[in-house]
Q: 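Have a look at this one before I ask anything.
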Amino acid sequence: MALFNLFLAGALWPLLMVQHLVRAAPTESTVQACREIADQLPAGRVAYPLQLAYTVETQRYWSLALRELRPACIVSPQDAEQVAAAVRVLGNHPDVQFTVKSGGHDPNPGHSSIDGGVLIATREMVGATYDAATGHALVKPAGEWNDVIGDLEPSGVTVVGGRLGIVGVGGLLLQGGLSFLAAQYGLAADSIVGWETVMPNGTIVNIDAKAQPKLAVAMRGSGSQFGIVTQFTIEAHPIGQVWGGARIYDESKKDALYAALHSFVPGNADDPKAAVIFTDLAITLNGTAAIVFYFHEGPDKPTSGPLKPFLDIPPLVDLAKTQSYAQLLKANGDLGSLSVARFSFRTFTIPYIPTNPGLYAEISAKWRDIASAYLTILHPTAQCSTDFQPLPAVVGSRSEARGGNAMGLTGGDPDRLVLELQCGWINGLDDATLYALSRDMTDWLQGRLPEWLAQAGLPADAYMPLFMNDAAGDQNVTGSYRGYAQYKELQASIDPMGMFSARAGGYKY
Ligand SMILES: Cc1cc2nc3c(=O)[nH]c(=O)nc-3n(C[C@H](O)[C@H](O)[C@H](O)COP(=O)(O)OP(=O)(O)OC[C@H]3O[C@@H](n4cnc5c(N)ncnc54)[C@H](O)[C@@H]3O)c2cc1C
Ligand SMILES: *[C@@H]1O[C@H](CO)[C@@H](O)[C@H](O)[C@H]1NC(C)=O
Ligand SMILES: *[C@@H]1O[C@H](CO)[C@@H](O)[C@H](O)[C@H]1NC(C)=O
Ligand SMILES: *[C@@H]1O[C@H](CO)[C@@H](O)[C@H](O)[C@H]1NC(C)=O
């Protein structure tokens, strides 16, 4: 994930925000719904504009752009019963919009943020416990991965989760979840075996993967469409010391890094304990042209295997070392927390092409071309990046072995890469420009795809599903899933009134 080292004078924020504060007043029925929810819940669980709890919660978003949205009220339930009470009230007000927030890291406006509607913030439901008898971790949706991984570490176990400790939990688990542990165990969502969920009709259901395998597969990567999850039951995996951390490189190392990435993707199957995130900056910033996050499970720095070509390249800055898994995620997150900006995500899935080691440089150059129109001296702290995230075939085998996920990963998958196109900028007046740049880039990728599929020896309709956690709100992520029609039907059967499909934020079937 990109790190932009944006050190902006805090004094600028109020000025920039004022431009965006032209807001419509909430509807009468929204105001009424807030009042009824407050009546149902213990005192202090519903906050309104100008109250401290409201201000704090609206400032708790990763992207500054989302901090400008103004919900009519913010509900912060403490358990599933309180969530259910709020959902039942919302059920009686069919014209009221609402949304659910866990970590608030999804940068798409209106996903975990809302203007004029009801925000249900899970912030009181945080952390994880380990049940040694079942080997399961019970994980709450709010907080960040630092909380979850830190809570589990004393038991010598972990769960498949985020790669930067600062990232939110609930959204990552519901929208799939790429992890350093994915080549061993599949996506983060694949290890989930139970979802304590407040369903659209306001009942609390413990969705059990064994008893309801179809719904379980849908829950792994569909986002927020089946209800509000108040606790995840996740199969835990043993963990001890790991080797890893970020390394920062200058421009002169890029070709060697691309070559290392090219050999890593197919090589990952030989050593599933290895993982990388390759962040390629669109413009060199203060000497930094690329950041690679490394991971290898086990205490030893690898000296052979798929990471070897990377590790032979001398970095400018080296933060990789042997440490606990919690320490690694914390350090990765600390680096990420330097970024303070408005952000956009957009994603694209490409095939791995054994015969085309020039692919990454081509993509990088195109993104630089497109983005450099904006990344000029006028916008000195803005940055765009591409994350090259390996999605080797071995991940699909792990997913399938665990029952499968909505993204439809299987053992028959080819090696692929998930691209994350990210921009960070400061001025809200530039939002539309930056979204358009990312769209131009995915349009170009879409145009190149047929040739790349042919080069890879794959059919023209080879399965290249989009990865929800990295997507832009206008990307048809669910439409890219091979099970789209079936999940759409399942969603409609569970949510016949369209409460989540028509009234809540996030991706839809
Ligand atoms: C710095 C950074 C690093 C990242 N690293 C990774 C990574 O390593 N791997 C990866 O896969 N992704 C990564 N991401 C993407 C990340 O997974 C998504 O941004 C994800 O949405 C974050 O989860 P959250 O809890 O903060 O989501 P939120 O922003 O709170 O919510 C996202 C969506 O899920 C819905 N939702 C949230 N909680 C619930 C709930 N309890 N019940 C029902 N619906 C809910 C919301 O309504 C919204 O639509 C990263 C993002 C950032 C900013
Ligand atoms: C840029 O690099 C210089 C020298 O390495 C360092 O002192 C400075 O803090 C860096 N600035 C930023 C914004 O990272
Ligand atoms: C998304 O894709 C699906 C499947 O191709 C399609 O049926 C649906 O209409 C698309 N949705 C939107 C909003 O474009
Ligand atoms: C509520 O919805 C769930 C999930 O679809 C269903 O199992 C349950 O029977 C419903 N309860 C009521 C009271 O309708």
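All ligand and atom numbering here is 1-based and tracks the order in the structure.
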Q: Purely on distance, is any nitrogen or oxygen of Val167 under 3.5 Å from one on ligand 1?
A: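 Not met; the criterion fails.
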
Q: State the atoms of ligand 1, each with its element, that fall below the 4.0 Å cut-off from a heavy-atom position in Thr99.
A: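 Counting atoms of ligand 1 from 1, those under 4.0 Å from Thr99 are 47 (O).
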
Q: Tell me, do Leu391 and Leu178 make a side-chain contact under 4.5 Å, heavy atoms counted?
A: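 Yes - at least one pair of side-chain heavy atoms lies under 4.5 Å apart.
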
Q: Would you kindly say whether Ser222 and Tyr509 are connected by a side-chain donor-acceptor distance under 3.5 Å?
A: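 Side chains of Ser222 and Tyr509: pair found under 3.5 Å.
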
Q: For the ring pair Tyr487 and Phe226, is the centre-to-centre distance below 6.0 Å?
A: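 No, the ring of Tyr487 stays outside the 6.0 Å limit from the ring of Phe226, centre to centre.
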
Q: Tell me the protein heavy atom at minimum distance from atom 4 (C) of ligand 4, and give that distance in Å.
A: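 Here the nearest protein heavy atom works out to Met199 CE, 3.9 Å.
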
Q: Check each of Lys140, Gln422, Glu144, Arg163 against atom 8 (O) of ligand 1 and report the one with the nearest heavy atom.
A: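 Checking each option, the heavy atom nearest atom 8 (O) of ligand 1 is found in Arg163.
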
Q: With backbone taken as N, CA, C and O and side chain as the heavy atoms from C-beta onward, which portion of Tyr507 lies under 4.0 Å from ligand 1: side chain, backbone, both, or neither?
A: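 Answer for Tyr507: neither.
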
Q: Check whether the side chains of Gln97 and Asp115 place a donor and an acceptor atom closer than 3.5 Å, and report yes or no.
A: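 Side-chain D/A pair, Gln97 to Asp115: absent.
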
Q: Run the numbers on Asn286 and Thr288 for side-chain hydrogen bond (donor to acceptor under 3.5 Å, both in side chains), then give the verdict.
A: CA-CA 6 Å; Asn286 210 26; Thr288 298; over 6 Å; no

Q: Of the backbone atoms (N, CA, C, O) and the side-chain heavy atoms from C-beta on, which set of Thr230 has a member under 4.0 Å from an atom of ligand 1: side chain, backbone, both, or neither?
A: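 Neither; no heavy atom under 4.0 Å.
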
Q: Could an N or O of ligand 1 be found under 3.5 Å from any N or O of Trp62, whether backbone or side chain?
A: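 In fact, backbone or side chain, Trp62 has no N or O that close.
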
Q: Where the side chain of Ser224 meets the backbone of Gly505, is there a donor-acceptor pair that is under 3.5 Å apart?
A: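 Yes, the answer is positive, given that a donor and an acceptor are paired below the 3.5 Å cut-off.
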
Q: Please find out if less than 6.0 Å separates the ring center of Phe348 from that of Trp444.
A: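 Not under 6.0 Å, so no.
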
Q: I'd like to know if the side chain of Tyr54 reaches the main chain of Ile74, judged simply by a donor and an acceptor atom lying under 3.5 Å from each other, with no hydrogens or angles considered.
A: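 Here the side-chain-to-backbone pair does not exist.
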
Q: Considering Ser179, Gly171, Gly161 one by one, which has a heavy atom nearer to atom 34 (O) of ligand 1 than any of the others?
A: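 When every heavy atom of Ser179, Gly171, Gly161 is considered, Gly171 comes closest to atom 34 (O) of ligand 1.
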
Q: Closer than 4.0 Å to some heavy atom of Val169 - which atoms of ligand 1 meet that?
A: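 Listed by number with element, the hits are 25 (O).
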
Q: Is Ser102 close to ligand 1, meaning an N/O of one under 3.5 Å from an N/O of the other?
A: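 Between Ser102 and ligand 1, an N or O pair is found under 3.5 Å apart.
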
Q: Is there any N or O on Val229 that sits under 3.5 Å from an N or O of ligand 1?
A: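 Indeed, backbone or side chain, Val229 has an N or O that close.
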
Q: Which protein non-hydrogen atom lies closest to atom 5 (O) of ligand 3, naming both residue and atom, and how far is it?
A: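 That would be Gly479 O, 3.9 Å.
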
Q: If you count the atoms of ligand 1 from 1 in the order shown, which ones are under 4.0 Å from a heavy atom of Phe467?
A: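 The list of qualifying atoms is 11 (O).
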
Q: Please examine the side chains of Pro42 and Gln82, heavy atoms only from C-beta on, and report whether any two atoms are closer than 4.5 Å.
A: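 Yes - at least one pair of side-chain heavy atoms lies under 4.5 Å apart.
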
Q: Contact between ligand 1 and Phe180 is defined here as a heavy atom of the residue under 4.0 Å from a ligand atom; is it met?
A: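 Phe180 does not count as a contact of ligand 1 under the 4.0 Å cut-off.
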
Q: Should you measure from each heavy atom of Leu174, which atoms of ligand 1 turn up under 4.0 Å away?
A: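 Every atom of ligand 1 under 4.0 Å from some heavy atom of Leu174: 39 (C), 40 (C), 42 (N), 43 (C), 44 (N), 45 (C).
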
Q: Heavy-atom count check: over 12 atoms from other residues, nucleotides or ligands less than 6.0 Å from Lys330 NZ?
A: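 Counting neighbours around NZ of Lys330, 12 or fewer heavy atoms of other residues, nucleotides or ligands fall under 6.0 Å, so no.
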
Q: If hydrogens are left out, which of Thr197, Ile120, Leu178 has an atom nearest to atom 9 (N) of ligand 1, that is, the closest non-hydrogen atom?
A: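 When every heavy atom of Thr197, Ile120, Leu178 is considered, Leu178 comes closest to atom 9 (N) of ligand 1.
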
Q: Tell me which one of Val198, Thr203, Asn201 gets a heavy atom nearest to atom 14 (O) of ligand 4.
A: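 Looking at heavy atoms only, the winner is Asn201.
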
Q: So between Val477, Asn476, Thr478, whose heavy atom ends up nearest atom 10 (C) of ligand 3?
A: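 Ranked by closest heavy atom to atom 10 (C) of ligand 3, first place is Asn476.
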
Q: Could you check whether any heavy atom of Gly104 sits closer than 4.0 Å to an atom of ligand 1, since that is the contact criterion I want to use?
A: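 Checking ligand 1 against Gly104, which is what was asked, there is a heavy-atom contact under 4.0 Å.
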
Q: Gly333: heavy atom below 4.0 Å from ligand 1, yes or no?
A: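 No heavy atom of Gly333 comes that close to ligand 1.
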
Q: Measure from the side-chain N and O atoms of Thr122 to the backbone N and O of Pro141, and report whether any donor-acceptor pair falls under 3.5 Å.
A: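 No; judged by distance alone, with no hydrogens or angles, the pair does not exist.
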
Q: Under a 4.0 Å heavy-atom limit, does Phe343 contact ligand 1 with its side chain, its backbone, both, or neither?
A: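 Near ligand 1, Phe343 shows nothing, with every heavy atom at 4.0 Å or more.
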
Q: Checking salt bridge (Lys or Arg N to Asp or Glu O under 4.0 Å) for the pair Glu420/Arg346: CA distance, chi angles, key distance, verdict?
A: CA-CA 6 Å; Glu420 195 214 328; Arg346 203 167 178 90; over 6 Å; no

Q: Can you tell if the side chain of Gln78 reaches within under 4.5 Å of the side chain of Leu41, non-hydrogen atoms only?
A: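 No, their side chains stay 4.5 Å or more apart.
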
Q: Would you mind running through ligand 1 and noting each atom that sits below 4.0 Å from a heavy atom of Gly177?
A: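 Answer for ligand 1: 11 (O).
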
Q: Evaluating non-hydrogen atoms only, which member of Val160, Val100, Leu172 is closest to atom 6 (C) of ligand 1?
A: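 Of the listed residues, Leu172 has the closest heavy atom.
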
Q: Does any N or O of ligand 1 fall below 3.5 Å from an N or O anywhere on Gln175, backbone included?
A: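 Yes.
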
Q: Could you label the plane-to-plane angle of the Phe388 and Tyr360 rings as parallel, tilted or perpendicular, counting under 30° as parallel and over 60° as perpendicular?
A: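 Rings of Phe388 and Tyr360: perpendicular, over 60°.
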
Q: Pairs of nitrogen or oxygen atoms closer than 3.5 Å, one from Asp470 and one from ligand 1: do any exist?
A: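 No: no nitrogen or oxygen of Asp470 is under 3.5 Å from one in ligand 1.
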
Q: Could you check atom 7 (O) of ligand 4 against the protein and tell me its nearest heavy-atom contact, residue, atom and distance included?
A: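 Residue, atom and distance for the closest contact: Val205 CG2, 4.8 Å.
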
Q: Check this for me, if you would: do Arg439 and Asp474 make a salt bridge, where the nitrogen-to-carboxylate-oxygen distance has to be below 4.0 angstrom?
A: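 Here Arg439 pairs with Asp474 in a salt bridge, since their nearest N and O are under 4.0 Å apart.
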
Q: For Gly336, is the nearest heavy atom under 4.0 Å from an atom of ligand 1?
A: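 No, that is not the case, since the closest heavy atom of the residue is not under 4.0 Å from the ligand.
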
Q: With heavy atoms of Pro141 as the reference, note each atom of ligand 1 found under 4.0 Å away.
A: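 Reading through ligand 1 atom by atom, the close ones are 41 (N).
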
Q: Go through the side-chain N and O atoms of His237 and Thr158 and say whether any donor and acceptor fall under 3.5 Å apart.
A: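 His237 vs Thr158: no donor-acceptor pair found between side chains.
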
Q: Can you pull out the closest protein heavy atom to atom 9 (O) of ligand 3? Residue, atom name and distance to 0.1 Å, please.
A: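 Here the closest protein heavy atom is Tyr484 OH, 4.5 Å.
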
Q: Will you find, in the side chains of His296 and Asp271, an N or O donor that is under 3.5 Å from an N or O acceptor?
A: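 A pair is found: one side chain offers a donor N or O, the other an acceptor, under 3.5 Å apart.
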
